[in-house]
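Written below as structure tokens is the structure these notes are about.
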Amino acid sequence: MEKPDVLSRTVKAARKIVVKIGSNTIANADGSINRDFMNKLADDTADLIKSGKQVVIVSSGAGIAGIATINKWKRKSDLHYKQALCAIGQVELMDSYRKAFAAHDIHVAQILLTNEDFSDTNRTLHIRNTLFTLVDEGVVPVINENDSVSVDEIKIGDNDNLAALTSNLWDADLLILLSDIDGVYDRNPKEFPDAALIETVTDSTEILGRIHAGATNGFGTGGIVTKIQAAIKVNAFGIPMVLTNGKVPGVLARLFGESTRATIFLPEDDDE
Ligand code: ADP
């Protein structure tokens with residue numbers, strides 16, 4: 001039998017998995033929530049849970065969902081309008097998650113966090129306990145930054161880093177980032193069609209100096225740089241990270257099944 005590659009071996013060995021879903025994956029081009037994606041995500045997550053895995057979701061998309069809901073505020077760029085849009089969109093987002101997971105008799109739970117929550121020992125303890133309790137009871141936590149209270153000083157700023165902090169806090173075995181690209185390329189694949197996919201990264205800090213990081217795409221906030229920052233954070237805790245394309249139908253099932261195109265970031269002692 002052929003020896004499974006490092007990607008397939010790593011994802012199959014992981015039991016506690018954080019899945020982060022980027023704005024471009026969760027939303028259609030008009031900003032409305034992509035229900036087909038959401039339903040398939042729920043199907044695949046339910047299958048993972050049945051197979052004995054535990055899943056925590058970190059989801060972007062509140063701001064976009066807010067704009068799609070309250071069309072008339074589209075052009076208002078003031079901070080308080082942006083924060084109000086997130087408050088509206090977060091409800092739409094959670095409503096979609098609730099419906100998609102209800103089809104599998106799985107409950108979802110919302111946790112909204114800011115940077116401050118990760119620097120206060122008391123708060124981190126409570127977040128940890130809540131996460132452990134929810135997951136032990138078969139509930140899927142859906143985490144997002146609390147954009148309505150976050151101003152620059154206390155902001156994590158992007159959900160890639162939030163997902164990394166969550167992975168470290170929960171002692172995850174694997175972080176999966178679902179974006180709109182197959183992985184990290186030597187150059188931005190949206191600008192350079194001949195960009196080459198880097199399938200395995202064994203030094204997540206070094207890779208930053210080796211690639212050309214282009215602009216973010218569509219609704220994206222962090223771009224490739226914050227994804228590599230996330231890898232640096234989790235790898236330092238011995239947790240591998242996979243970046244792959246959420247636009248690939250059934251991407252999670254493929255990743256845990258016959259495999260799909262991706263970049264895996266391996267912690268130092270895991271790179272054989
Ligand atoms: P998300 O909403 O999923 O977090 P972002 O738009 O923030 O996604 O980041 C992903 C984008 O980063 C890709 O669509 C791509 O255009 C861009 N990007 C820039 N440079 C690179 C690179 N070297 N490799 C991969 N993607 C890159």
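Every number for a ligand or one of its atoms is a count from 1 in the order of the listing. Note that the structure is a prediction, hence the values are computed from the model and not measured.
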As an exercise, identify every atom of ligand 1 less than 4.0 angstrom from a heavy atom of Ser179. 1 (P), 3 (O), 8 (O), 10 (C)

When Leu113 is tested against each of Asn146, Leu169, Ile127 for side-chain contact (heavy atoms from CB on, under 4.5 Å), which residue passes? Ile127

Begin with the C-alpha distance, continue with both residues' side-chain angles, and end with the deciding distance and a verdict on salt bridge (Lys or Arg N to Asp or Glu O under 4.0 Å) for Arg187 and Asp194. CA-CA 9 Å; Arg187 298 186 286 173; Asp194 61 340; 2.8 Å; yes

Worked check of side chain to side chain donor-acceptor pair (under 3.5 Å) between His104 and Asp43: CA-CA 7 Å; His104 299 277; Asp43 295 347; 2.7 Å; yes

Under a 4.5 Å cut-off applied to non-hydrogen side-chain atoms, are His212 and Tyr185 in contact? no

Asp180 heavy atoms, cut-off 4.0 Å: which ligand 1 atoms fall inside? 10 (C), 13 (C), 14 (O)

Under 4.0 Å from one or more heavy atoms of Ser23, ligand 1 contributes atoms 2 (O)

Could you tell me whether Ala195 approaches ligand 1 through its side chain, its backbone, both or neither, with non-hydrogen atoms closer than 4.0 Å? neither

Report yes or no: does a heavy atom of Glu191 sit under 4.0 Å from some atom of ligand 1? no

Counting heavy atoms under 4.0 Å, the part of Lys20 that contacts ligand 1 is side chain

Got a salt bridge between Lys227 and Asp158, using NZ or NE/NH1/NH2 to carboxylate O under 4.0 Å? no

Asn161 and Gln229: CA distance, side-chain angles, deciding distance, side chain to side chain donor-acceptor pair (under 3.5 Å) verdict: CA-CA 7 Å; Asn161 278 289; Gln229 286 170 354; 2.9 Å; yes

Pairs of nitrogen or oxygen atoms closer than 3.5 Å, one from Asp160 and one from ligand 1: do any exist? no

One finds that the ligand 1 atoms under 4.0 Å from a non-hydrogen atom of Gly22 are 1 (P), 2 (O), 3 (O)

Is ligand 1 under 4.0 Å from a heavy atom in the side chain of Ile181, in the backbone, in both, or in neither? side chain

Do any N/O atoms on His212 end up under 3.5 angstrom from N/O atoms on ligand 1? yes

State which residue, out of Val108, Asn34, Val91, Ile33, fulfils the side-chain contact (heavy atoms from CB on, under 4.5 Å) condition with Ser96. Ile33

Parallel, tilted or perpendicular, judged at 30° and 60°: which one describes the rings of Trp170 and Phe132? tilted

Return yes or no for this condition: an N or O of Ala213 is under 3.5 Å from an N or O of ligand 1. no

Work out which heavy atom in Ile64 is nearest to a heavy atom in Ser23; give both atom names and the distance. CD1-CB, 3.4 Å

So which atom in Val55 and which in Pro141 form the shortest heavy-atom distance, rounded to 0.1 Å? O-CD, 3.7 Å

Does Asn24 come within less than 4.0 Å of ligand 1, judged by its heavy atoms? yes

With a 4.0 Å cut-off on heavy atoms, is Ser60 touching ligand 1? no

Mark up the atoms of ligand 1 that fall under 4.0 Å of a heavy atom belonging to Gly183, in ascending order. 25 (C)

Would you check the N or O atoms of Tyr185, main chain and side chain alike, for any that come under 3.5 Å of an N or O of ligand 1? yes

